[in-house]
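The structure appears below as structure tokens.
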Amino acid sequence: MLNRRQFLQITKRLVKGSLAVGSVCLADAYFYERHFPVVETNVLGLRGLGEAWRGTRVVQLTDLHLEPFTTAADITRAVDLANSLNPDLILITGDFMTKAWQPVAQLAELLSDLKAPLGIYGCLGNHDHWHRPDAIQQELERRGIGILRNEGTVLLRHGQPMFLAGVDSAWGGAPNFGKAVASRRAGDPLLLMVHEPDFALQVVPTGLVSAQLSGHTHGGQVRAPGFSPPFLPKLGKRFAAGSYEVGDTSLYVSRGIGCIGLPLRFASAPEVTLHVLEPKIAAAADSS
């Protein structure tokens, strides 16, 4: 049995060890992990997708959050990594900015280096809607990024269509799914961009959405490995990160690039997502 002196010595060692481990984790979260995105590859199945689209490479970026914690160097690393994946299409699912709209000119210039033959499109996030969304949209579109706000467009690959739609942030904006898909032809596969992942619960019952891409959660941003994130934002509590099947709809939630609240990421590395498209057999016919 330990005497009091032995017990205190062991306790001190444990405390010192815990502090040392905590310091290492904090240093990793601040100095390293948040600055170096990783590539996550996901096979994204879409109901009704034509064979011409099989193997199409779609790169997703999200939650760039330029300033105060995300730097131009962080954005450049993400852009270079995205281009290295040889994308056919690039989609950016919101929260370009954090606390102000003015840095969007710098961000748009950095993003102008993105290259994809089928185009570069995005939707706005809650932070964008809280800080002059029209000005943010105008600057991004001036640099070749098509922002879809409750609207959609038809993309063609060897003559076969895919309908790409984007809605306003479900938290900060005024999302109108019906307006976004009004020009879609019945039977065309629908890929939906919406910043908040829990919006899937509203649109999946329509039976129209083949796949949804979202961000917003940062994967929790800071969490203990092997445990659920201790904090997730409004409209990001049901689907934290990664791939899900919600009814017949494929949903992917990216951890994104930037930070909010604290300049830390731990066990939730920033990501650039490579989606490889493939047709998915529908459980039920689309009668829209």
In terms of side-chain heavy atoms, does Q212 have a donor or acceptor partner in T249 at a distance below 3.5 Å?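 Short answer, no.
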
Cut-off 3.5 Å, side chains only: do S250 and K280 have a donor facing an acceptor? yes

Less than 4.0 Å between a side-chain N and a carboxylate O, is that true for [Y] and [X]?
{"X": "R149", "Y": "D134", "answer": "yes"}
{"X": "E271", "Y": "R255", "answer": "yes"}
{"X": "K237", "Y": "E196", "answer": "no"}
{"X": "R185", "Y": "D188", "answer": "yes"}

For [Y], does its backbone N or O pair with a side-chain atom of [X] as donor and acceptor, under 3.5 Å?
{"X": "Q160", "Y": "A52", "answer": "yes"}
{"X": "D88", "Y": "R57", "answer": "yes"}
{"X": "R47", "Y": "L190", "answer": "no"}
{"X": "T62", "Y": "T93", "answer": "yes"}
{"X": "H127", "Y": "T98", "answer": "yes"}
{"X": "S112", "Y": "R143", "answer": "no"}
{"X": "N126", "Y": "D95", "answer": "no"}
{"X": "H131", "Y": "K99", "answer": "yes"}
{"X": "H216", "Y": "L232", "answer": "no"}
{"X": "N150", "Y": "K179", "answer": "no"}

So, taking the atom named CG in L114 and the one named CD1 in I92, what distance separates them when rounded to the nearest 0.5 Å?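 One gets 5.5 Å once the value is rounded to the nearest 0.5 Å.
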
Taking C-beta and beyond as the side chain, do [X] and [Y] meet within less than 4.5 Å on heavy atoms?
{"X": "L124", "Y": "S169", "value": "no"}
{"X": "L213", "Y": "S254", "value": "no"}
{"X": "R184", "Y": "L208", "value": "yes"}
{"X": "L107", "Y": "L64", "value": "yes"}
{"X": "P197", "Y": "T217", "value": "yes"}
{"X": "F266", "Y": "E33", "value": "yes"}
{"X": "W53", "Y": "L155", "value": "yes"}

Grab the two heavy atoms, one from [X] and one from [Y], that are nearest each other, plus how far apart they are.
{"X": "F96", "Y": "C123", "answer": "CE1-O, 3.4 Å"}
{"X": "F163", "Y": "V154", "answer": "CD1-CG2, 3.7 Å"}
{"X": "Y121", "Y": "I145", "answer": "C-CG2, 4.3 Å"}
{"X": "P103", "Y": "L66", "answer": "O-CD2, 3.6 Å"}

Group every Ile, Leu, Val, Met, Phe, Trp and Tyr by side-chain heavy-atom contacts under 4.5 Å, then state whether V209 and L201 land in the same group. no

side-chain contact (heavy atoms from CB on, under 4.5 Å) between T273 and H275, worked out: CA-CA 6 Å; T273 317; H275 300 286; 3.5 Å; yes

Kindly state whether the ring of W101 and the ring of W130 have centres lying under 6.0 angstrom apart.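 That pair fails the under 6.0 Å test.
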
Under 3.5 Å, which donor-acceptor pairs link side chains of residues 219-228 to any protein atom two or more places apart or in another chain?
{"from": "Q221", "atom 1": "OE1", "to": "H218", "atom 2": "ND1", "distance (Å)": "2.8"}
{"from": "Q221", "atom 1": "OE1", "to": "I260", "atom 2": "N", "distance (Å)": "3.2"}
{"from": "Q221", "atom 1": "NE2", "to": "I260", "atom 2": "O", "distance (Å)": "3.0"}
{"from": "Q221", "atom 1": "NE2", "to": "L262", "atom 2": "O", "distance (Å)": "3.1"}
{"from": "Q221", "atom 1": "NE2", "to": "L264", "atom 2": "O", "distance (Å)": "3.1"}
{"from": "R223", "atom 1": "NE", "to": "A267", "atom 2": "O", "distance (Å)": "3.0"}
{"from": "R223", "atom 1": "NH1", "to": "F227", "atom 2": "O", "distance (Å)": "3.1"}
{"from": "R223", "atom 1": "NH2", "to": "A267", "atom 2": "O", "distance (Å)": "3.3"}

Would you check, one step at a time, whether the test salt bridge (Lys or Arg N to Asp or Glu O under 4.0 Å) holds for R157 with E51? CA-CA 9 Å; R157 192 159 178 82; E51 280 296 323; over 6 Å; no

side-chain contact (heavy atoms from CB on, under 4.5 Å) evaluation trace for L277 with V58: CA-CA 7 Å; L277 303 190; V58 179; 3.9 Å; yes

Greater than 12 external heavy atoms within 6.0 Å of E141's CD: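 Above 12, so yes.
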
Within a radius of less than 6.0 Å around CZ of R238, do more than 12 heavy atoms belonging to other residues, nucleotides or ligands occur?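 No - once you tally the heavy atoms of other residues, nucleotides and ligands closer than 6.0 Å, there are 12 at most.
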
Candidate pair N42 and L274, rule side-chain contact (heavy atoms from CB on, under 4.5 Å), full reasoning: CA-CA 6 Å; N42 174 57; L274 172 62; over 6 Å; no

Begin with the C-alpha distance, continue with both residues' side-chain angles, and end with the deciding distance and a verdict on salt bridge (Lys or Arg N to Asp or Glu O under 4.0 Å) for R77 and D74. CA-CA 5 Å; R77 273 190 288 269; D74 294 325; 2.8 Å; yes

Test side-chain contact (heavy atoms from CB on, under 4.5 Å) applied to W171 and H129, step by step: CA-CA 9 Å; W171 184 359; H129 279 282; over 6 Å; no

